[in-house]
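The structure appears below as structure tokens.
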Protein chains: 2
Amino acid sequence: MAQRRSGHVTLLDIARACGLSVSTVSIVLSKAPLSRNVAAATRDQILTTARQLGYHPDAYARSLRSRHSQTIAVLSFDLSDPFCIPVVRGIQARLDSESYLPLLMDAQTQRRLFDKYLNMILERRAEGVIVIASWVFEETNLLADIKKNHVPIVIVSRDLSRRGISSVLVDNEAGGALAMRHLRDLGHRKIAVVRGPKDLFDSEPRWIGIQRAADEAGIRLDRKLVFRLPNLVDPMSGFEGGLKFAQQMLASKRPFTAVLAFDDLTALGVVRGLSEAGLRIPEDCSVVGFDDVLPAAVATPGITTIRQPIKEMGTRAANWMLEALDAREQGREAAPRLHRSTPELVTRMSSAPPPGKRVKKR
Amino acid sequence: MAQRRSGHVTLLDIARACGLSVSTVSIVLSKAPLSRNVAAATRDQILTTARQLGYHPDAYARSLRSRHSQTIAVLSFDLSDPFCIPVVRGIQARLDSESYLPLLMDAQTQRRLFDKYLNMILERRAEGVIVIASWVFEETNLLADIKKNHVPIVIVSRDLSRRGISSVLVDNEAGGALAMRHLRDLGHRKIAVVRGPKDLFDSEPRWIGIQRAADEAGIRLDRKLVFRLPNLVDPMSGFEGGLKFAQQMLASKRPFTAVLAFDDLTALGVVRGLSEAGLRIPEDCSVVGFDDVLPAAVATPGITTIRQPIKEMGTRAANWMLEALDAREQGREAAPRLHRSTPELVTRMSSAPPPGKRVKKR
DNA sequence: TTATATTATTCAAACGATTGAATACCAAGC
DNA sequence: GCTTGGTATTCAATCGTTTGAATAATATAA
């Protein structure tokens with residue numbers, strides 16, 4: 001384990017140990033085309049000495065020279081949101097077989113950190129950026145710096161395709177409608193709704209879908225039973241919002257037999273609020289969420305929800321990124337794309353026919 | 001936005017645009033000591049041109065030269081485990097003010113990925129590694145390669161201090177005892193236990209603490225009501241294990257009024273299993289978890305649990321890392337340390353006195 | 001025997017930044 | 001007029017790797 005001035009073993013160390021030049025060693029260790037006419041004996045000698053000395057090529061030197069960082073930045077707006085991890089998993093799954101390293105960054109819902117990481121992405125010469133963000137945050141020129149440097153971008157959970165950025169997200173409107181239709185099918189007519197916060201992209205289309213399906217079913221939504229979450233700072237605030245609004249619903253004395261929540265955490269908050277008031281879920285009131293994240297699945301009763309194919313969305317984003325990188329390699333510029341994944345109803349235990357209308361079993 | 005052969009703006013671009021040498025530009029932009037005797041006019045000119053051209057220093061070139069990657073790797077055994085994120089948050093919180101970038105890596109409970117990332121850590125010349133791992137995985141020489149290269153290591157959630165690695169973890173034994181004493185205080189005598197899997201470091205000490213507290217309270221644990229989780233592959237398997245064992249408990253026909261679960265996900269599984277059989281939590285049976293992760297807090301009933309100060313543990317780990325880096329800077333080698341955080345009982349709604357023993361309110 | 005190819009290895013110039021040493025300029029001191 | 005001492009800027013080497021071009025040694029063809 002020969003150590004030199006720097007703590008790490010370099011090509012030069014190996015070259016010296018073998019009595020060869022740095023070039024030869026490099027050619028062999030990086031499996032360059034030329035290595036096919038390096039004598040087998042020499043090759044073996046280099047390989048074994050490298051192993052003995054514990055050689056690890058310096059990614060910095062290599063990237064500097066080769067002009068490839070082999071890095072794809074994954075900038076998440078909030079890693080503590082259970083939504084993000086499956087996206088990341090999907091990305092990792094696709095990137096695992098490639099030689100790219102996903103560079104995970106967590107903006108923690110803070111604009112300052114978002115900017116800071118954007119800057120690091122540029123400095124670290126990431127070859128592409130996958131952004132997981134539902135924020136609106138006046139993003140007009142947030143990603144401008146990235147685009148200016150011709151770094152391909154793919155965004156998950158937000159439609160920026162008209163700004164020229166490839167986007168993959170769930171069909172929120174269809175999802176909202178799906179949730180509403182599920183409640184209608186069960187026989188509910190009086191439905192409370194907790195809408196998402198203003199600065200979240202998903203909020204509006206989901207609400208539109210809900211209204212559309214309500215109209216189609218001839219259900220009139222009681223304005224007093226429609227709430228709107230304040231801006232979220234972390235996943236817990238969705239829960240707390242749901243809890244608070246559940247109390248308000250009850251306090252309003254308006255009749256309702258089901259609650260359609262903006263997302264799963266909100267739904268869990270609603271369940272808590274209603275339960276504390278002595279209501280049983282789903283016997284006295286149904287609750288439906290959105291997303292299908294882990295906490296919704298492991299709660300009891302399990303939350304009926306609209307599933308986003310989260311992991312698949314991540315994989316798709318990674319796939320597009322690889323294609324964009326390929327295109328750029330060939331001098332082309334990949335055209336921005338848009339994909340709306342189809343949401344899916346996951347029926348768990350938090351929804352059932354309204355009280356006094358037990359038509360289906362359970 | 002002058003682009004050169006590489007897509008990025010370099011010092012040379014700025015130097016040319018200003019009619020100065022690369023050195024001067026570098027000195028100004030990197031705020032080197034020499035910059036104090038660069039004429040103010042020159043300085044301004046450089047600064048504004050840099051901004052205009054959209055200059056971002058190349059981290060690779062800089063690190064290669066300065067021999068500092070400004071990177072601390074954070075290798076998590078499974079990011080989808082709700083335990084990991086708060087640790088990461090704690091690390092980020094401490095590192096945010098420093099110029100170090102946390103390089104997040106997710107081994108997804110796969111040995112192969114763990115190795116792969118370990119290798120990347122070396123290649124990317126991370127200056128330190130914080131490992132979040134409770135695995136046993138015959139780690140004898142897993143981290144050997146890292147140590148050989150004199151990269152400081154701090155491990156979270158595992159005691160490797162006798163192997164010379166600084167370790168911060170919760171006092172599992174105290175936590176186990178705390179949980180048991182809580183149930184005893186409520187009046188429980190017949191308690192089922194779901195032990196952790198063999199290859200998880202936490203399993204044994206928690207079990208020891210539970211037994212110790214049971215002994216002290218004169219509680220005899222019914223062997224038929226003690227279960228052991230199989231090895232976990234993801235957070236859901238804890239849930240499924242709890243669910244399955246709850247069914248076995250009931251099938252065994254042995255009497256019990258409380259369940260002490262290995263962790264929160266397991267506790268949630270137990271709650272589900274008992275609920276499906278018609279038992280009410282906590283009226284008919286109490287359930288206690290361990291860790292205090294998000295799903296335990298947002299479930300209804302909220303899970304009574306033993307809280308680990310997870311974020312603080314992350315912060316401490318980061319702090320030690322910075323100190324170790326400092327020490328190394330000065331040629332010293334920081335001595336390995338060990339900290340056992342004090343666990344704390346968080347009383348929620350899943351625990352209450354046993355049926356027929358309603359002594360306390362509620 | 002000389003030219004030509006093939007095989008095995010090395011030279012040397014990058015990549016983009018940093019930095020100790022060098023240079024040029026100019027004023028002041030003797 | 002020559003040194004001394006700032007001030008302002010540049011030279012040139014360096015970090016560890018890659019790679020097109022060059023070289024050397026050997027084998028094959030003419």
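The analysis underlying the following values was restricted to heavy atoms, covering all of them including side chains, and did not include hydrogens, waters or symmetry mates. Each chain gets a letter, A, B and so on, in the order its sequence line appears, and its residues count up from 1.
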Keeping B:N149 on the side-chain end and B:V151 on the backbone end, is there a donor-acceptor pair under 3.5 Å? no
Results of side-chain contact (heavy atoms from CB on, under 4.5 Å) for B:N119 - residues two or more places apart only: A:H56, B:E123
What's the CG-P distance between A:L12 and D:dT18, to the nearest Å? 14 Å
Taken to the nearest whole Å, NE2/A:H68 to C1'/D:dT19 is 14 Å
Kindly write out the residues that satisfy side-chain hydrogen bond (donor to acceptor under 3.5 Å, both in side chains) with B:Q330, not counting sequence neighbours, or none if the list is empty. B:R332
By side-chain contact (heavy atoms from CB on, under 4.5 Å) - contacts of A:P86 (at least two apart): A:I310
Under 4.0 Å between any heavy atoms, over every strand shown, what does B:R65 touch: base, sugar-phosphate, or nothing? Just pick one. base
Under the side-chain hydrogen bond (donor to acceptor under 3.5 Å, both in side chains) test, which residues partner B:S80, sequence neighbours left out? B:D78
Which atoms of nucleotides 8-12 of chain D (N or O only) lie under 3.5 Å from a protein N or O atom, and what are those distances?
residue, atom, partner, partner atom, Å
D:dT9, OP1, B:T42, OG1, 3.0
D:dT9, OP2, B:A39, N, 3.0
D:dT9, OP2, B:T42, OG1, 3.2
D:dT10, OP2, B:S21, N, 2.9
D:dT10, OP2, B:S21, OG, 3.1
D:dT10, OP2, B:T24, OG1, 2.5
D:dC11, N4, B:S23, OG, 2.9
D:dA12, N6, B:S23, OG, 3.3

Whole-Å gap separating C1' (C:dT19) and CZ (B:R62): 14 Å
Rounded to the Å, how far apart are A:H56 NE2 and D:dT17 P? 12 Å
Five pairs per end, C1' atoms only: what is the angle between the end axes of the helix from C:dT1-D:dA30 to C:dC30-D:dG1, to 10 degrees? 80°
Could you pull out every donor-acceptor pair under 3.5 Å between side chains of residues 30-45 of chain B and any protein atom, sequence neighbours left out?
residue, atom, partner, partner atom, Å
B:S30, OG, B:S26, O, 2.7
B:S35, OG, B:A32, O, 2.9
B:R43, NH1, B:S35, O, 2.9

State which residues pass side-chain contact (heavy atoms from CB on, under 4.5 Å) with B:S76; sequence neighbours excluded, sorted by chain then number. B:L79, B:C84, B:I132
Are any of B:Y55's side-chain N or O atoms less than 4.0 Å away from OP1 or OP2 of C:dA17? yes
Counting just side-chain N and O atoms, does A:S26 come under 4.0 Å of either OP1 or OP2 of D:dT17? no
Which label fits B:Y60 and A:Y60: parallel for a plane angle under 30°, tilted from 30 to 60°, or perpendicular past 60°? tilted
Hey, could you give me each pair passing salt bridge (Lys or Arg N to Asp or Glu O under 4.0 Å) that has a residue in residues 316-329 of chain A? Not counting sequence neighbours. A:E323-A:R337
My understanding is that only residues two or more places apart in sequence, or in another chain, count here; which of them pass side-chain contact (heavy atoms from CB on, under 4.5 Å) with A:E312? A:R307, A:P309
Between B:R67 and D:dC15, is there a side-chain N or O to OP1/OP2 distance below 4.0 Å? no
Starting from P on C:dT19, measure out to CG on B:L11 and report it in whole angstrom. 12 Å
Nearest whole angstrom, please: distance from the P of C:dG16 to the CG of A:D58. 16 Å
How close or far is atom P of C:dA17 from atom CD of A:E123, stated in whole angstroms? 10 Å
Can you name the side-chain hydrogen bond (donor to acceptor under 3.5 Å, both in side chains) partners of A:S21, sequence neighbours left out? A:T24
Side-chain contact test, heavy atoms from C-beta onward, threshold under 4.5 Å: evaluate it for A:D234 versus A:T109 and give yes or no. no
Can you pull out the residues from residues 44-51 of chain A that lie within a 4.0 Å heavy-atom distance of DNA chain C? none
Distance in angstrom units between A:L64 CG and D:dC15 C1', rounded: 9 Å
